[in-house]
Amino acid sequence: MPGPFTTRTLTLSTGSAETVTDLTHACEQFLREAAGGRDGLLNVFVPHATAGIALIETGAGSDADLLAALHTVLPADDRWQHRHGSQGHGRDHLLPAFVPPHATLPVVGGRLELGTWQSVCLVDTNKDNPERHVRLSFLG
């Protein structure tokens, strides 16, 4: 039987475009190995200053809508004081204030308990950093 706390780091290539990457399958696979059918909590954490974790419906346009909404709230222009990297990169550093870098989710019987249309997603607007790490931790 797995221990009470298990963790794993995923490495993802998000490329050079803004993305919403569905992590649900990776979370479920991790829980099959780590939870051993137990109840507990899954923590999903992205240790980057320019990315976040969201629970959102994917595949029906909501992921593109989220990126469009972020463009409205955080335009990629030169208004930001943080000025290195590509144009508007300073807004990427504000993203975690709107889409937090973590989520803690219930696990029941070793299975992730999400709503019908919820997916666990990495939100990455930073086109300058194509590689991301996501830490999955199960506490049983």
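All figures in this text were calculated on a predicted structure; none of them were measured in a lab. These values consider heavy atoms only, across backbone and side chains, with no hydrogens, waters or symmetry-generated copies. Residues take their numbers from the sequence shown, with the count starting at 1.
With sequence neighbours left out, the side-chain contact (heavy atoms from CB on, under 4.5 Å) criterion links Leu139 to Phe5.
Between the side chains of Thr19 and Asp124, no donor N or O sits under 3.5 Å from an acceptor N or O. When only modelled atom types and interatomic distance are considered, Asp92 and Thr50 share no side-chain donor-acceptor pair under 3.5 Å. Residues Thr9 and Arg135 bring a donor and an acceptor atom of their side chains to less than 3.5 Å of each other. Asp63 and Thr58 are not linked by any side-chain donor-acceptor pair at a separation below 3.5 angstrom, with hydrogens and angles left out of the test.
Arg38 places a side-chain N or O within donor-acceptor distance of the main-chain N or O of Ala35, the cut-off being under 3.5 Å.
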Q: Begin from the C-alpha positions of Arg132 and Thr11 and carry the test side chain to side chain contact (heavy atoms under 4.5 Å, CB included) through to its verdict.
A: CA-CA 6 Å; Arg132 297 298 183 168; Thr11 300; over 6 Å; no
Q: Could you walk me through whether Leu55 and Val120 pass the side chain to side chain contact (heavy atoms under 4.5 Å, CB included) test, one step at a time?
A: CA-CA 5 Å; Leu55 294 181; Val120 182; 3.7 Å; yes
Q: Give the intermediate values and the outcome of side-chain hydrogen bond (donor to acceptor under 3.5 Å, both in side chains) for residues Asn43 and Thr104.
A: CA-CA 4 Å; Asn43 182 264; Thr104 300; 2.8 Å; yes
Q: Show your working on side chain to side chain contact (heavy atoms under 4.5 Å, CB included) between Phe138 and Thr7 and close with a plain yes or no.
A: CA-CA 6 Å; Phe138 174 73; Thr7 191; over 6 Å; no
Q: Could you please spell out the steps behind the side chain to side chain contact (heavy atoms under 4.5 Å, CB included) verdict for Val107 and Leu41?
A: CA-CA 5 Å; Val107 176; Leu41 295 172; 5.9 Å; no
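Separation of the His84 and His93 ring centroids falls under the 6.0 Å cut-off.
The shortest heavy-atom contact between Ser119 and Asp22 is OG-OD2, 3.5 Å. Shown here for Gly110 and Leu31, the closest heavy-atom pair between the two residues is O-CB, 3.7 Å. Counting all heavy atoms, side chain and backbone alike, Ala26 lies closest to Leu10 at CB-CD1, 3.8 Å. Here the closest non-hydrogen pair linking Pro96 and Ala49 is CG-O, 3.3 Å. Contact detail for Phe30 and Thr6: the closest heavy-atom pair is CZ-O, 3.4 Å. Minimum heavy-atom separation, Thr125 to Glu18: O-CG, 3.6 Å.
No path of Ile, Leu, Val, Met, Phe, Trp and Tyr side chains, each step under 4.5 Å between heavy atoms, connects Leu95 with Phe45, placing them in separate hydrophobic clusters. Ile56 and Val46 fall into different hydrophobic clusters, where Ile, Leu, Val, Met, Phe, Trp and Tyr side chains are chained together by heavy-atom contacts under 4.5 Å. Connection of Leu42 to Leu122 is established within a shared hydrophobic cluster, with ILVMFWY side chains joined at heavy-atom distances below 4.5 Å, either directly or through further cluster members. Put simply, Leu23 and Leu136 are part of the same group of oily side chains (I, L, V, M, F, W, Y) that touch within less than 4.5 Å, one to the next. A single hydrophobic cluster is not seen to contain both Val20 and Leu12; linkage of ILVMFWY side chains at heavy-atom distances under 4.5 Å, directly or through other members, places them apart.
Taken from SG in Cys27 to CG in Leu114, the straight-line distance is 8.0 Å, to the nearest 0.5 Å. The distance from the OG atom of Ser86 to the CG atom of Asp128 is 3.5 Å, given to the nearest 0.5 Å. From His82, atom NE2 reaches atom NE2 of His89 across 4.5 Å, with rounding to the nearest 0.5 Å. Rounding to the nearest 0.5 Å gives a distance of 10.5 Å between CG of Leu66 and NE2 of His71. In this structure, the separation between CD on Glu57 and SG on Cys121 is 10.5 Å, given to the nearest 0.5 Å. Here Thr24 contributes atom OG1 and Gln29 contributes atom CD; the two are 12.5 Å apart, rounded to the nearest 0.5 Å.
With a 4.5 Å cut-off on side-chain heavy atoms, Pro130 and Ser16 do not count as touching. Residues Arg111 and Glu28 are not in side-chain contact: their nearest non-hydrogen atoms beyond the backbone lie 4.5 Å or more apart.
Salt bridge Glu33/Arg8: present, at least one basic N to carboxylate O contact under 4.0 Å.
The local environment of CZ in Arg32 is crowded, with over 12 non-hydrogen atoms from other residues, nucleotides or ligands closer than 6.0 Å.
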